[in-house]
Every structure is written in structure tokens, then in C-alpha cells.
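Only heavy atoms go into these numbers, but all of them, side chains included; no hydrogens, no water, no symmetry mates. Source: prediction; values computed, not measured.
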Amino acid sequence: MLRSRRRVPHLHLIAKGLSCSCSSSLHHATHLWPNTPQQQQLLKHLVSLLQKHSSSRQATQQVHSHFITSGFLHSHQSTSHILLLVNTLLRCYSLGQFPLEALLLYKNLNCLSFDSFTYTFLLHTCANLHSIFSGLQLHALVVKVGFQSQVYVQTALVYVYAVCGSLHEAMHVFHEMPERNTVTWNVMISGLAKWGHLQLSRSLFDQMPTRTVVSWTAIIDGYTRMNQPVEALSLFRRMVIYEGIKPSEMSLLAIFPAISIMGALKICQSVHAYGEKRGFNTSNIRITNSLIDSYAKCGCIKSASTLFEDTSAQRKNLVSWTSIISSFAMHGMGKEAMESFERMEEVGMKPNRVTFLSLLNACSHGGLVEEGLKFLNKMLNSYQIVPDIKHYGCLIDMLGRAGRLEEAEKMALGIPVEILNVVIWRTLLGACSFHDNVEMGERVTGKILEMEREYGGDYVLMSNIFAGVGMFVDAERLRKLMDKRKIFKVPGHSLV
DNA sequence: ATAGGGTTAG
């Protein structure tokens, strides 16, 4: 899943910044500072500080304010030294949580003459913002200032376009490039794979001169995501056995879902062993979490829970807890899921919406209706989590399975219309069918027809209810209605 | 001094 998009206000500021010569505050400078050795020292110090703490927002901001107050811009400091600091600042911002700061800094410093490093970092900012608009503006700027044939800049351009899903533009830049390196190829391949263009991605993968572990991981991840676990696993084997490339932690994370889809317990075990050998399992909690999930999905809840128990409390994060709860849920072990949840609360870990979804799912599958309702209450009141449509779907499924149809219907009717979907009514209709409640089945079918007139499956389900309780006349009438609307039953599939 | 792949979900 893509990370949530952040909005970029005032993009015109960037373009504006180019046209005027200097930001107004600089005009107030009345004198130039002497080029003291202390200042030179300070510059170097700030750069190395940033390089050491490149992921710390606080450090970045402190260096930034030092930079502003130091008067470097009015000094006789060598501009290349200043630019190094500015570029490093831009890089830190672009990688951090507030990439917009990079664009603003750039805009405020338009009297500097920037280099290709600057534009590389700025483009990464756009990628992190998922802002195709600022990406396009920067592309234009890059052409204007003449850095359009620098490999790093072009690769960053391909990256921005690929991240934003503008694959035509990405391919265009890619094809125009006079020289490409491995990173360029990897960016293009993973961009295409990420957006589901597997064949194209694969053909580039096959074409590229040298494939690194990143290339392999990107294409494997593509196959996994596109639900082609066999190809994913066969590529993984080829990478390890024939190419002699060592899988990285990310390679393992990419292959786990494929293992899960296939339910390949043996492979899961050998990847587990490999991770153990490389020390991944103990250094990377994500690997452990994925392993727990995969073991459960391969049907081995024992291994999942053993692995969970063997992981120290220190290392367990929210995902670890959520994973074990969802593991128990998929094995119908409601009690165990509840116990895990309670233990989680005891150690002070705060559940999120996914945790509650897994927990409610466990209650639903384990037939723990009262408990499920209690947890819903807890979610609302103790944690102030607003249920989304999946929570509702789970709860209605839970009530419906238990035959508490009136409560289920009441809950369905209380779902905000903005999030209500037809899956909810289908879930309830399934319960009506199971419990032979014709009256409610009719009402619910009406709701479904309102929302989706073209889909035939529900007519059939409804007519099965009628037929099932001996109302052949009505069943006949419904089928005729279907014929009239030229509806035919399509093979069932879940939309959830 | 630069860039690429990442865990949980009815």
C-alpha cells in the first residue's frame, strides 16, 4: 500500500522563487561578514553534524536555524562550502517526515547557484510527498538550469514519476537517458512492478545488464503482489541457487506473502532457518513478524505462537501483537486471541484499528459474540477508535453467524452512509439465508438492489432463500425478474 | 556528498 498522500500547498512558490533574484530578507543585509576561520569551522561542523544525525528532525532544524543566523549567505565563504551545507540540509529534509521543508528552504535561497545534487534531493522530496505537480515543476526547472542529462538527476526524475504512477513520463525519461546505471534500472523496474505492469517490468529486468539483489527483490515483490507466488518463488530460487545472490532482509520480506499464498510450510521453515543463519530474525522485527504471519497462514499455528513467545518483550512491537492475534483469528482460536490481546494491554502496548479488526475477527470466528461486543465498546470508549467498514463487516458477520439477525440489521442501519457498502448487506443476506429469515432477507435484498442493480448473485441467493422455505411462487417470480433484467449469475467472489 | 527494494487487515 502506498503511504498516505500529503498535500502540498503553495506550489507556485517554487516557480516564483526562480524568477526573482533574491529573497527580500537578504536585501536588508547592510554589510558582508568577514571570512573568518571560525566560520569555516562552523560550516564544516554543521555539515558533519547533519551527516551524523541525518534522520533526526531536531538536528536538522537546529542546523537550519544556525545556518540562517550565522550569516553565511552574506559572508565571503566559498559558495561551494555553503552549497554543501544547503544540499545536506535539503537531503535531510527530503528523507524526513516533513519533506515540504526542503522545497521551502530551496525557495528561500534562490540567490544561490545550485548544482545537480540540489535537484536530486529536491526530486526526492517530491517523491516522498507523492507530489507529481511539484515533480513536474522541478522537471521544468531542471531543464531550464541544464541538469537534465545528469544521471543522478534523471534517475531521480524516473523515481518521482514512478512513485507518483506517471509511468509514461517515467518511461519517457528512462528511454531518453544517454546512460543508465543499475539504480536507474531498478527504479524503473520497481516502479512498473509496483503499479502492476509486470510484463513490462519483467522485460526490463531481463534486459538489464547487471542485476543486483535489489533488482531481484523488486521483481519478486511484483509477482507476489500480483498474486503469482509460483513465479515469485521460482525467481527467488533462481536468484539464490543459480545466480548465487544472497537474499537481503527485504528479499525475505518480499517472498513471505508468496509462501503464505501457497501455504508452503516447508519453504517457510527453510526461509526461517536461513534468516536465523544470517541473523535477520534477531535483528529485524519485521522479519519475525512476517514469519509469525506466514507460519499461521501455512497452517502451523504452533510455530507461529512458539516464535512469538520466543521473541523478547523488548522486541515485540504493535505489529507483532497484531500478527499473533490475527494468527489465532484465522485458526478460529478466539480464546487465545483474547488472551493475547489482554496480555498486550498489560504490557502497555496500545492497539490500533488493525489490532481490533483481528480481534473482532477472532471473536467472530470463535463464536465469542458477547466478548466481541465488549471489545467493540472498548475500542470506542477506551481507545477512541472510530470503526471503519471492515470492523462493521466483521461485527455483522459475528452477529449474523450467531443468529442475532435483528441486532446485525440494526447495526448495519447505523453505519454512516459515507462508508456503507454492499458487502455489508451481502454479509447480512448470507446470514438471513443461513438462518432462513425470509422477511429480513427481502428487506436486505432491497438494500442490495438499491446499491447495485446490475449484479445478479444476490437475486439467486434470495431466490434460494424463497425456494428453501417452500415459497416456490416467489422464487419463480424473482427468477423471472432476473430474466427480464437480463441478469445472469456470475461465479461468486468475495469483494472483501 | 547523491539514488533503488520493507512487517499486521472481513
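The closest donor-acceptor contact from the side chain of A:Arg91 to the backbone of A:Gln51 lies at 3.5 Å or more, if one exists at all. Panel note: side chain A:Ser248, backbone A:Ser251; a donor-acceptor pair is recorded below 3.5 Å.
In this structure, A:Arg225 places its CZ atom 8 Å from C1' of B:dG6, rounding to the nearest Å. We find that CZ of A:Arg401 is positioned 12 Å from P of B:dG10, with the value rounded to whole Å. Rounded to a whole Å, the CZ atom of A:Arg211 is 19 Å from the P atom of B:dG5. The distance from atom CD1 of A:Ile325 to atom P of B:dT8 is 15 Å, rounded to the nearest whole Å. The interatomic distance linking A:Asp388 (CG) with B:dG10 (C1') rounds to 10 Å, in whole Å. For A:Phe308 and B:dT8, the CZ to C1' distance is 12 Å, given to the nearest whole Å. Rounded to an integer number of Å, the gap from CG of A:Leu318 to P of B:dT8 is 13 Å. Going from atom CG of A:Leu83 over to atom P of B:dT2 covers 15 Å, rounded to whole Å.
Within 3.5 Å, a donor on the side chain of A:Ser248 pairs with an acceptor on the base of B:dG5, or the reverse. The base of B:dA3 is paired with the side chain of A:Asn181 by a donor and an acceptor separated by under 3.5 Å. You won't find any donor-acceptor pair under 3.5 Å spanning the side chain of A:Tyr159 and the base of B:dA3, going by distance alone.
A:Ser260 is linked by a side-chain hydrogen bond (donor to acceptor under 3.5 Å, both in side chains) to A:Ser294, counting only residues two or more places apart in sequence or in another chain.
The side chain of A:Arg286 contributes no N or O atom lying less than 4.0 Å from OP1 or OP2 of B:dT8. Within the structure, every side-chain polar atom (N or O) of A:Lys316 is placed at least 4.0 Å from both OP1 and OP2 of B:dT7. Of the side-chain N and O atoms in A:Arg180, none sit less than 4.0 angstrom from OP1 or OP2 of B:dA3. Listed pair A:Lys52 / B:dA1 fails the phosphate criterion, with no side-chain N or O lying under 4.0 Å from OP1 or OP2.
At the heavy-atom level, A:Asp293 lies under 4.0 Å from the strands shown only through sugar-phosphate atoms. Within the 4.0 angstrom heavy-atom criterion, only backbone atoms of the sugar-phosphate kind lie near A:His124; the bases stay farther away. In this structure, A:Asn87 reaches the bases: a heavy-atom distance under 4.0 Å links it to at least one base atom across the strands shown. At a threshold of 4.0 angstrom between heavy atoms, the contacts of A:Val151 with the nucleic acid are absent. A:Ser251 comes within contact range of at least one nucleobase, with a heavy-atom separation under 4.0 Å. Within the nucleic acid shown, A:Ser290 comes within 4.0 Å of sugar-phosphate atoms alone, with no base atom in reach, counting heavy atoms only.
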Would you give me the side-chain donor-acceptor pairs under 3.5 Å for residues 161-168 of chain A, sequence neighbours excluded?
| residue | atom | partner | partner atom | Å |
| --- | --- | --- | --- | --- |
| A:Tyr161 | OH | A:His139 | ND1 | 2.6 |

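Between the side chains of A:Asn181 and A:Thr184, a donor-acceptor pair is found at a separation under 3.5 Å.
Between B:dT7, B:dA1, B:dG5, one nucleotide has an atom nearer to the side chain of A:Val214 than all others, and that is B:dG5.
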